[in-house]
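Report on the structure given below.
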Amino acid sequence: MRKIRGFTLIEILIVVAIIGILTTIAMPAYQNYSNQAAFSELILAATPRKIAVELAIQTRNPSKLDDLDGGSLAIPTDITAAATTHGAAVLDGTIIMTWQDDDTDLAGVTYTLTAGDITPPVQWTKGGTCQTNGLC
């Protein structure tokens, strides 16, 4: 008589349980990682406004941070967040970037850069709701 070798039902159930546990741990971590990767698009989109504010400080000599607003001193005009575009604004030397109004976990999350002073070199302080969400 020949012996048939294979896995028992208990061994298979244990393997399935281990895979299930690993999946429940890995999926939230992967979701957070993919949200961070997507949000880096918004952080990168702040660069032109950051450069424009720095140039305005160096070349236009504003008297105070309140003079640094979108649409003035060669700073690009503000853009409102919509379904396919990110929001971007400059208000009193603070750059405010807002994630587009889509149906993702990131909708409405903000990223801010605040200029420290009107004397070069500009020291930037980052903030916004992205910090509380762990995205920036």
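Just the heavy atoms: all of them, side chains too, but no hydrogens, waters or symmetry mates, feed the values below.
Grouped by direct or indirect side-chain proximity (heavy atoms under 4.5 Å, Ile/Leu/Val/Met/Phe/Trp/Tyr only), I21 sits with I25. Under a 4.5 Å side-chain heavy-atom cut-off, the cluster of Ile, Leu, Val, Met, Phe, Trp and Tyr residues that includes L44 has no other member. Applying the under-4.5 Å side-chain rule to Ile, Leu, Val, Met, Phe, Trp and Tyr, the cluster around I51 extends to L55.
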Name each donor-acceptor pair under 3.5 Å that joins a side chain in residues 102-113 to protein atoms two or more places apart or in another chain, with its distance.
from: D102; atom 1: OD1; to: W99; atom 2: NE1; distance (Å): 3.4
from: D102; atom 1: OD1; to: T104; atom 2: OG1; distance (Å): 2.9
from: D102; atom 1: OD2; to: W99; atom 2: NE1; distance (Å): 3.3
from: D102; atom 1: OD2; to: Q100; atom 2: NE2; distance (Å): 3.1
from: T104; atom 1: OG1; to: L106; atom 2: N; distance (Å): 3.3
from: T110; atom 1: OG1; to: T129; atom 2: N; distance (Å): 3.1
from: T110; atom 1: OG1; to: T129; atom 2: OG1; distance (Å): 3.2
from: T112; atom 1: OG1; to: G127; atom 2: N; distance (Å): 3.4
from: T112; atom 1: OG1; to: G127; atom 2: O; distance (Å): 3.3
from: T112; atom 1: OG1; to: G128; atom 2: N; distance (Å): 3.4

Side-chain atoms of residues 34-43: list all donor-acceptor pairs with protein atoms under 3.5 Å, sequence neighbours left out, distances to 0.1 Å.
from: S34; atom 1: OG; to: Y30; atom 2: O; distance (Å): 3.2
from: S34; atom 1: OG; to: Q31; atom 2: O; distance (Å): 2.9
from: Q36; atom 1: NE2; to: G134; atom 2: O; distance (Å): 2.8
from: S40; atom 1: OG; to: A37; atom 2: O; distance (Å): 2.6
from: E41; atom 1: OE2; to: H86; atom 2: NE2; distance (Å): 2.9

Tell me which donor-acceptor pairs under 3.5 Å the side chains of residues 64-81 have, and how far apart each pair is, sequence neighbours excluded?
from: D67; atom 1: OD2; to: S63; atom 2: N; distance (Å): 3.1
from: D67; atom 1: OD2; to: S63; atom 2: OG; distance (Å): 2.8
from: D67; atom 1: OD2; to: K64; atom 2: N; distance (Å): 3.4
from: D69; atom 1: OD1; to: D92; atom 2: N; distance (Å): 2.6
from: S72; atom 1: OG; to: D67; atom 2: O; distance (Å): 3.4
from: S72; atom 1: OG; to: D69; atom 2: O; distance (Å): 2.9
from: D78; atom 1: OD1; to: V90; atom 2: N; distance (Å): 3.2

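Contact between A88 and R49 at its shortest, heavy atoms only, is CB-NE, 3.0 Å. Minimum interatomic distance between Q58 and N61 (heavy atoms only, all atoms of both residues): O-OD1, 4.0 Å.
Residues V122 and I96 do not share a hydrophobic cluster, clusters being chains of Ile/Leu/Val/Met/Phe/Trp/Tyr side chains in contact below 4.5 Å.
A 4.5 Å side-chain heavy-atom check between W124 and I95 finds at least one atom pair inside the cut-off.
Taking CD1 of I14 as the reference point, atom CD1 of I19 lies at 12.5 Å (rounded to 0.5 Å).
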